[in-house]
Protein chains: 2
Amino acid sequence: MDIDTIEDKKYTDSIFYETFLTGKYIKKIGEQLFCKLNFDFSAEEFAAMDFLYQSSGICQRDLAVKMLVDRANMGKILNSLEKKGIVKRVLALKGNRPVKMVNLTKIGEEAYVDIVEELRTLLNDITDEITENDVEVISLGLSKIRGVLGKLLKIDI
Amino acid sequence: MDIDTIEDKKYTDSIFYETFLTGKYIKKIGEQLFCKLNFDFSAEEFAAMDFLYQSSGICQRDLAVKMLVDRANMGKILNSLEKKGIVKRVLALKGNRPVKMVNLTKIGEEAYVDIVEELRTLLNDITDEITENDVEVISLGLSKIRGVLGKLLKIDI
DNA sequence: AAATACATGTTGCAAATGCAACAGTAATAT
DNA sequence: ATATTACTGTTGCATTTGCAACATGTATTT
């Protein structure tokens, strides 16, 4: 085999960059959709609400890890949600450490359910095109990517 | 089948959110790696250099579309690269429209090649774990995701 | 030909995000 | 017991990013 035929793919042709771009794409679509539908929340705020609806009573740091934002930013997102009456913070102990447990308020739950309902009617037919098998395969691939990169560098939050 | 057993997956359990998170993860790893290696460029700047190395003489807007950033931001990224002597902008015509064609300078090409070389030695063994088949499958899946979301909303840059 | 619409790039402001430094508390070391 | 280290959350600042408005030049409409 001729050595000249061996050529590296450029970074922007790599699966890493494509994944990065697709993530950006999802973010943009999400933000613009939320704006268009006059939701009073950013996509990150909604993600926080989604996590809290599943597992209420989680501390700020654990939520930050799930959302891949740093503690400072997590605090600011929660400040915004708290101002809107969506979440409530309560001092508590995790192990023996003092933490702030975050909970959805009644208002927060209602707002969350409303958004989910509105999104469902909008997304139902569209997302049908992605089969369960698709999801499984993509998810496996993404997890492999994260695994590989995780060996390179650790992100601590 | 009992209706109560039918339950929607939460947003943060969806393939969309997982893809979004993985993109964020890649971005963070990239930025921190570039910082750790004392590269004088952000990951977005390097991506621009990578595109320009492939297809020199592209106008700002076309580059912005490839990178999924808006024209204003693209201009600022290129300002930064121009200040460092990496790129050069030349007035030209695309069709009959006056545009600014962007080119890598000699210095830019050298800096780019240096970085690629340093990254290769670092990434070679690690990325072997992701097979060509993996890449193909993931890429197909991501493209399906973009296709589905693209029907929902259009992003114009 | 004049007016309107479109395309490209820039500027200024606002929002989002991250980082470093700090405060407060608990665990560990000495 | 005291000092040091580690964990959680906050504050302030700097950077990044996007959006709206603008300037400039081209295409299209009338």
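Proteins get letters first, then strands, A, B, ... in listed order; numbering begins at 1 in each.
A donor-acceptor contact shorter than 3.5 Å is absent between the side chain of B:Lys144 and the backbone of A:Asp134. Distance alone, capped at 3.5 Å, places no donor-acceptor pair between the A:Ser139 side chain and the A:Glu136 backbone.
Ionic pairing of A:Glu44 and B:Lys24 is present here: one or more N-O contacts between side-chain nitrogen and carboxylate oxygen are shorter than 4.0 angstrom.
B:Ile77 and B:Tyr112 fall within the same hydrophobic cluster, defined by Ile, Leu, Val, Met, Phe, Trp and Tyr side-chain heavy atoms under 4.5 Å apart, directly or through other members. Linking Ile, Leu, Val, Met, Phe, Trp and Tyr whenever their side-chain heavy atoms come within less than 4.5 Å puts B:Val102 and B:Val65 in one cluster.
Taking every heavy atom of residues 16-40 of chain A and every atom of DNA chain C, pairs under 4.0 Å involve A:Lys27, by number. Within residues 60-81 of chain A, the residues having any heavy atom under 4.0 Å from DNA chain C are, by residue number, A:Val69, A:Asp70, A:Ala72, A:Asn73, A:Lys76.
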Write down the protein N/O and nucleotide N/O pairs, taken from nucleotides 27-29 of chain D, whose separation is under 3.5 Å; answer none if there are no such pairs.
| residue | atom | partner | partner atom | Å |
| --- | --- | --- | --- | --- |
| D:dA27 | OP1 | B:Asn96 | ND2 | 2.9 |

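Ring geometry for B:Phe51 against A:Tyr17 counts as perpendicular: the plane angle is over 60°, on a 0 to 90° scale with 30° as the lower cut. Ring pair B:Phe34/B:Phe39 is perpendicular by interplanar angle, where above 60° counts as perpendicular and below 30° as parallel.
Under the side chain to side chain contact (heavy atoms under 4.5 Å, CB included) test applied with A:Ile145, the options B:Thr127, B:Ile130, B:Val135 reduce to a single match, B:Ile130.
Taking 4.0 angstrom as the limit, A:Lys94 places a side-chain polar atom (N or O) nearer than this to OP1 or OP2 of D:dT8.
Position along DNA chain D of the nearest nucleotide to B:Glu44 versus A:Cys59 favours A:Cys59 as the more 5'-ward residue.
To the nearest angstrom, C1' of D:dT15 lies 18 Å from CZ of B:Phe41.
B:Phe20 CZ to A:Leu68 CG: the interatomic distance, rounded to the nearest 0.5 Å, is 8.5 Å. Distance CD1/B:Ile15 to OG1/B:Thr22: 8.0 Å, rounded to 0.5 Å.
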